[in-house]
Amino acid sequence: MMGSMTRRALLEASIAAIIAAVLSLIVFAPILQWFATGWSGGDMLSTYINAEVWRGFDYQVTDQFGFPLGMNLNYFPGIDITENTFAQIVTNLTGRPFIGVNLLVFLTFPLVAFLAYFVVRMTGLTGALAIAIAVTFSLIPFHWGRALGHTYLATLYSAVTGMALVLLVGSGRFAQILSRLRVATTKKRVLTVVLIVVLIVVTAWTGVYYAAFTLILGAAALAWRFAHGARWRALGIDSLPFVAILALAFIGFLPGILDTRADPPLAALSERLPYESVMFAGNLAVAVLPLPQSELPGLDAYNKAVVEAIAVGGWVESSAITNHGTWITTAALLVLIIGLVLRTRRGRTESPRSTRVTPTFIAYLIGVALLFFIPWGLNYLFAGTVTAQIRAWNRFIPILLLLFLLGAAAILARTRLPQRRFASALIAVIVLGLTALDSTLPFRAAYAQNVSEAAEITRAAESYAERVNAAIPENCGVLQLPYMAY
């Protein structure tokens, strides 16, 4: 029975990945001809360089960039270990400096959909609706909009693995899994431990923001377990994934911490103020409002009204177009709210033995996330008492949108809709169609223009490098002046 359930889960997750990959081609198909060139400058240029000088656990100090003084990227601490490692492996295999990062960007869409399906499945929802919800999350505006800027922030897969750990602990399933290992076969025991370790390592070593957000929601999940009667020993076991994430994140930061602290003037430059957590906090209205670039018929007035209203306040990161939700995520939030009201009114309760993720637990996590997301919330207290290095709390947005979708999934899983295959399939097709028009197609033209311009610059730079190398002896450096576009 478990074998057939596992096979079905893998099949449906794979279908979600394939659909996400196909829909992403709406944007990627016109730019595949430039796969081996740079796709953008600015922050993405630094991402290409990160992958180029990465050496497994820290950055190589090199004068290939910033000649003659050279460049030491360890002065900018980070834990983008999985992304840099993948990109560098691909770069080394192909001999081309851009392909690794570009391929990473493309693959994250099916990867996120694949992983998100399993998280959706924790609510009890399976089949076409679960597949559609997973695909929808993989194609949110944040994923598209950040990919050509804060590339590693856009990868999102560690946000999903972190959410998986939070839901496993909060639902009590993590404790249940560990208790069953005592009577499991050796093969199953090893496989389970490996999967848990992979979730922990990926979450800890794929960017500081999603690791930090996982720890915050993990603490909330432990509080939830305590409130529902979990014993101290059980809580200690439940805390192990989050303790491991914290320890691994610290280890990942060590090269940067040691290099920065060894140079006092640079250490002062890396300090941040608690008030920055207010400046870069989230905008709830933007998160709830669907992307005002929708290609849906009749929404031109909506697009214009939202853009003009937000523009009055001036541009800040929290109100960037990439921080908007979609019509599907907004509908999901409404489904969760209405579902909670109806379940409360009808006195519906969960079985105490059930380890399915409940709508109430999802709503609780949304509340916790919002307290850290909004200006002058717990984010400010966190910055003042723990660390001010985590300042851009608006980056909680993909996790919020994922929680909206999971909330709707939890409500739908407790209705008869999933058993009505035709109706479920029809709704799933509508959801996927809206996702294609609402949060994918709007980025097609922007990507094509941005990447074509970057490709021209790449070709010009390569031509210049060839002429310089032909005119100047190979061991002669070229002076490079530091430049920042902002």
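This is a predicted model, so every value here is computed, not measured.
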For N323 versus F142, what's the shortest heavy-atom pair and its separation?
OD1-CD1, 3.8 Å
Please tabulate, for the side chains in residues 332-340, all donor-acceptor contacts under 3.5 angstrom to protein atoms that are two or more places apart in sequence or on a different chain.
none

Any donor-acceptor pair under 3.5 Å linking the side-chain atoms of Y59 with those of N84?
yes
Under 6.0 Å between ring centres: does that hold for F28 and F106?
yes
Does L402 reach the side chain of M163, with side-chain heavy atoms less than 4.5 Å apart?
yes
Please find out if less than 6.0 Å separates the ring center of F382 from that of W393.
yes
I'd like to know if the side chain of Y210 and the backbone of L153 have a donor-acceptor N/O pair within less than 3.5 Å.
yes
Sub-3.5 Å donor-acceptor pair from the side chain of T161 to the main-chain atoms of S158, do we have one?
yes
Just so I know, are the side chains of I49 and M44 near enough to count as touching, which here means a heavy-atom distance under 4.5 Å?
no
If you apply the rule ring pair (Phe, Tyr, Trp, His ring centres under 6.0 Å), what do you find for W144 with Y447, and how did you get there?
CA-CA 9 Å; W144 288 114; Y447 263 65; 5.6 Å; yes
Are any non-hydrogen side-chain atoms of Y380 and P274 less than 4.5 angstrom apart?
yes
Do NZ/NE/NH1/NH2 and the carboxylate oxygens of E52 and R96 come within less than 4.0 Å?
no
Using only atom types and a distance under 3.5 Å, with no angle test, would you say the side chain of D438 pairs donor to acceptor with the backbone of W327?
yes
Between I374 and N379 the two heavy atoms that sit nearest each other are O-ND2, 2.8 Å
